[in-house]
Amino acid sequence: MRSCLELVVAPALGTTQSCTTTPHIATIVFLPNTINFTLPTSSPSRGGRPGPHAPKRSTTKIDTSKPSLFTQQRDLTPPQTPIAEADHDEFFAQVENPDLRGHFPKQEGPRSTVAPSDPHSPAWGTGRIFTQPRSRASSPPPADILKHKKTVEKAEILGRAGIRQPLAERSDSHDRVFAHADWTVVPADQGNGGLRNAVQAAVRNDKLTDKIWVGTLGMPTDALEDTQQKQDIEDRLATEYDCLTVFCKDSDFDGHYTHYSKQILWPVFHYQIPDNPKSKAYEDHSWVYYVKVNQAFADKIVKNWKRGDVIWVHDYHLLLVPSMVRKKLPDAKIGFFLHVAFPSSEVFRCLAVRKELLEGMLGANLIGFQIHEYARHFLQTCSRLLCVEATNDGVQLEDRFVDVIDLAIGIDPVALDMNRDDPNVASWMKTMQDRYFGKKLIVARDKLDHVRGVRQKLLAYELFLNKYPEWRDRVVMIQVATSTTEQAELDATVSDIVTRVNSSWANLAYQPVVYLKQDISYPQYLALLTVADALMITSQREGMNLTSHEYLFCQDGKFEGHNKFGSLILSEFTGSSSVFGGNELCVNPWDYRQCADAIKQALEMDDEEKQKRWKALYKAVMHHTAEHWFTAFLTRLEKVYAEQHRRDTTSVPRLSINQLGRQYQKSERRLFILDYEGTLASWGSPNDIILTSPQRTLDVLNDLLLDDRNTIYVMSGRQPEELDRLFKRVPNLGLIAENGCFLKEFGSSKWVEMADPEKMRDWKESVEGIMEYYHERTPGSWIEPRHCSLIFHYKSCEDQESAARQAGDCASHINDACEEQRVRAIPVEGAVVVEPIDWSKGTAAMQIFEGLKKGLAPSVEHESPVDFLMVAGDGRDDEVIFRWANELGVDKTVKHVTTVSLGSRNTEAGYTLTQGVTGVLTVLQKLAMLS
Ligand SMILES: O=P(O)(O)OC[C@H]1O[C@H](O[C@H]2O[C@H](CO)[C@@H](O)[C@H](O)[C@H]2O)[C@H](O)[C@@H](O)[C@@H]1O
């Protein structure tokens with residue numbers, strides 16, 4: 001496969017330390033490699049055209065310190081943005097190594113990984129580092145329709161109207177130059193560094209031997225269309241770099257990435273909602289490209305997939321890929337990991353295509369999020385917007401279960417440590433130490449967009465200097481801010497604040513803020529993290545923030561005489577903050593006072609406390625490593641895939657009546673636990689107050705009970721009095737009512753209420769209030785109170801769509817508000833059932849089993865109270881009891897265990913019965929005849 005989004009195929013991981021040979025396909029928007037072209041010094045339109053294998057002529061290597069030769073050819077492309085800009089300090093100029101070795105995407109070498117985990121990609125198509133073709137993309141409407149007039153005007157004044165648009169037409173001569181230029185494969189400057197480091201760590205430790213990436217080249221490729229060049233690049237990447245390239249038209253990719261991903265999804269996933277009414281047109285239009293590019297990825301995967309491959313799709317650019325692949329490959333093993341945050345359902349629901357996005361993700365077998373909060377938001381959003389049942393472990397769809405986990409990514413300490421040995425790191429440390437001698441350093445490297453909170457950080461720093469004058473002249477903030485082309489207004493605001501702070505407090509020998517509006521080299525980055533006294537991250541939202549992990553690692557005191565145990569000031573809205581458990585100085589970036597005080601605390605903290613905090617933080621960093629994340633996700637994927645497959649009804653065998661009969665005859669103490677509606681009797685209308693039980697059911701139960709070796713329980717969601725009425729003609733029958741909240745033991749006439757009635761009253765009061773609110777807004781709905789549950793029915797509403805939406809909101813509202821009261825709202829067909837978490841058919845079954853044990857004579861106390869157990873059911877609420885019974889069979893507590901499902905959904909039951917209620921009654925009848 002070739003790239004437009006990345007996919008990696010790698011060998012499957014076993015649960016042990018060793019790896020297996022199952023190939024893994026990792027799919028991500030940008031491949032870890034891209035192409036750097038070397039252009040001839042003379043224009044081919046004027047001179048001869050070089051063939052791809054022509055002997056090398058006079059060529060010019062790219063020098064990042066000045067516009068490339070190519071960019072000097074004005075008819076081909078406008079000049080690049082100069083590397084050094086107004087506010088930049090020449091001290092940090094990144095030109096010390098013109099062949100790019102000093103820059104982040106360094107060539108792979110013996111030192112393995114060479115990039116920070118959060119690389120901060122430059123805007124797509126800007127070709128900032130490499131010589132690459134220009135894009136002619138212009139299809140999506142300009143992004144400035146998303147912005148307010150004032151913003152656009154300001155951006156225009158600054159010469160950068162909204163999103164970067166192509167500044168000049170790409171010409172045919174432009175295309176020809178690239179089609180014939182020499183090229184090399186280089187490590188890409190775009191993409192997810194954390195993921196790449198994780199893969200490298202797994203490869204290094206023999207946890208991954210057979211992988212392939214699927215992704216794009218991260219550069220416009222229209223210029224290569226129909227050329228041998230394109231084919232050669234594709235072949236080289238596949239054979240030498242484990243990369244399958246997805247090629248898309250430039251306008252498709254621009255629409256997908258620059259527009260839909262970056263302008264719609266990125267802000268919304270980080271709690272920022274584009275609010276201009278015109279955004280709807282923009283969103284609709286760019287969505288088409290999002291779908292198209294996702295489809296191109298899915299097609300690439302499907303075309304290259306082989307049975308046994310593991311497909312792992314990454315991040316918010318590719319949300320639709322899992323379901324697109326699933327459609328073509330129903331049995332594929334698919335994992336999906338979201339690297340960015342997942343917002344609350346209140347924010348996510350603002351997306352016009354919210355259902356499509358969720359359904360896209362749900363094509364996976366396992367969906368991973370960085371932290372518990374994002375996973376919970378996702379589960380709640382599915383339950384609310386798709387009206388499906390979401391448990392703590394995942395989402396129950398009609399025909400499949402999708403597992404959901406939280407698993408924080410981390411850094412690769414081993415590679416990071418090796419990279420610190422680069423002599424450039426020590427040399428930069430020395431330079432900085434001399435330069436800032438006697439000053440405390442607060443450092444940061446962030447992407448300059450609204451999400452990362454650089455503006456808030458500088459305002460807090462300004463407040464700190466105002467509030468604590470004793471620190472003026474003694475502290476310097478070094479802020480590296482990368483990739484600013486899309487953020488003209490923010491860029492201007494931040495520059496204004498920097499100028500204001502510097503003009504207020506600078507003197508001939510002191511500058512309070514060093515603001516670098518450009519990236520720095522990797523050795524400089526490592527040196528910066530090592531010499532710092534504090535790192536300050538004030539993201540308004542962020543999936544993780546691996547810079548803070550790298551900082552903590554660099555503060556280990558490896559370099560004699562340099563800082564160690566530096567403080568970390570970290571926004572509470574980063575995923576990393578949940579991993580660090582409060583040992584950092586946790587701040588709300590909106591609270592400038594708190595941030596200013598945190599700076600003071602960081603600078604004045606005594607050594608003992610600094611060390612104590614750092615130790616705890618370091619421990620977390622070393623536990624949540626990139627490799628741990630990688631292997632844990634894939635191990636889990638293997639496990640849930642096997643489990644889900646077992647539950648798939650098509651692979652669950654049909655019940656064999658002959659085998660069951662043999663086991664029945666051989667046993668002496670038999671326990672039957674049988675679901676009522678849908679198993680022993682057809683489903684009646686849930687609105688029926690008066691229920692009748694078919695005579696055949698009663699006869700079969702009575703026949704079985706003639707054998708006193710048989711104990712029978714019938715379980716139901718119905719209330720105790722209803723069940724009493726239904727089964728009054730079956731003496732001695734045991735009953736489980738309200739899905740496990742009430743139990744009437746076999747042979748007894750008394751009901752036992754499992755839940756505490758007082759607690760019950762409390763939660764019912766809260767839930768009723770919420771349900772009432774939705775009931776008033778949903779004509780035709782009604783609330784059914786049961787002893788231990790409340791049901792919001794909407795099946796008979798005229799406007800089903802709106803009723804389902806209200807029901808989803810109602811379920812999500814209850815789940816949000818009543819989590820602590822140990823109840824949950826479960827959307828089922830046409831209703832939302834709210835019931836206690838602590839009582840289920842499973843807990844009732846355990847109680848029954850314990851009761852039977854107690855009844856054993858002392859001589860056989862050590863034996864199992866039953867040697868034959870049959871459980872039959874048809875619904876989701878029966879799965880828990882299937883699981884319980886199966887475990888008794890596996891650990892041999894019960895000799896013969898038979899679990900039977902009548903449903904067509906996936907199940908944990910050991911057998912299926914497709915003839916419905918009639919089938920069950922026939923089986924039971926035959927057993928009765930064997931007695
Ligand atoms: O800018 P994009 O091409 O759209 O990519 C988004 C960001 O992806 C990576 O960050 C995300 O993943 C990190 C590792 O899991 C996580 O720490 C971070 O919070 C996520 O946002 C990449 O590291 C960033 O540079 C990209 O901007």
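Every number for a ligand or one of its atoms is a count from 1 in the order of the listing. The chain is numbered in sequence order, starting from 1.
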Atoms of ligand 1 less than 4.0 Å from [X] heavy atoms?
X	value
Ile409	14 (C), 15 (O)
Gly543	19 (O)
Tyr316	2 (P), 4 (O)
Lys447	1 (O), 27 (O)
Asn545	17 (O), 19 (O)
Ser117	23 (O)
Glu542	19 (O)

Q: Taking the six-membered ring of Phe269 (Phe, Tyr or Trp), confirm whether the NZ or CZ of Arg541 is under 6.0 Å from its centre and within 45° of its axis.
A: no

Could you identify the single nearest non-hydrogen protein atom to [atom] and state the distance to 0.1 Å?
atom	answer
atom 21 (O) of ligand 1	Val340 CG1, 3.7 Å
atom 3 (O) of ligand 1	Tyr257 OH, 2.6 Å
atom 6 (C) of ligand 1	Trp266 CZ3, 3.6 Å
atom 2 (P) of ligand 1	Lys262 NZ, 3.2 Å
atom 25 (O) of ligand 1	His120 N, 3.0 Å
atom 20 (C) of ligand 1	His339 O, 3.6 Å
atom 23 (O) of ligand 1	Asp118 OD1, 2.9 Å
atom 22 (C) of ligand 1	Pro119 CD, 3.9 Å

Look at the aromatic rings of [X] and [Y] and report parallel, tilted or perpendicular, splitting at 30° and 60°.
X	Y	result
Tyr257	Phe253	parallel
Phe342	Phe348	parallel
Trp287	Tyr290	parallel
Phe378	Phe369	tilted

Okay, side chain of [X], backbone of [Y]: is any donor-acceptor separation there less than 3.5 Å?
X	Y	value
Glu550	Ser117	yes
Asn419	Asp422	no
Thr221	Leu224	no

Q.
Between ligand 1 and Met544, is the shortest N or O to N or O distance under 3.5 Å?
A. yes

Q: Evaluate the side chain to side chain contact (heavy atoms under 4.5 Å, CB included) criterion for residues Leu568 and Gln555: first the C-alpha distance (whole Å), next the side-chain angles of each, then the deciding distance (0.1 Å), finally the verdict.
A: CA-CA 10 Å; Leu568 171 63; Gln555 288 286 319; over 6 Å; no

Q | Beyond-backbone contact of Met622 with Pro413, side-chain heavy atoms, under 4.5 angstrom | A | yes

Q | Under-4.0 Å heavy-atom contact with ligand 1, by part of Gln190 that carries it | A | neither

(Q) Heavy atoms only, cut-off 4.0 Å: how does Ser261 contact ligand 1, side chain, backbone, both, or neither? (A) neither

(Q) In this structure, does ligand 1 have an atom that sits under 4.0 Å from one of the heavy atoms of Ser539? (A) no

Q: Carefully, step by step, assess Val402 and Leu366 under the rule side chain to side chain contact (heavy atoms under 4.5 Å, CB included).
A: CA-CA 6 Å; Val402 180; Leu366 175 66; over 6 Å; no

Q) Salt-bridged, Glu627 to Lys207, with N to O below 4.0 Å? A) yes

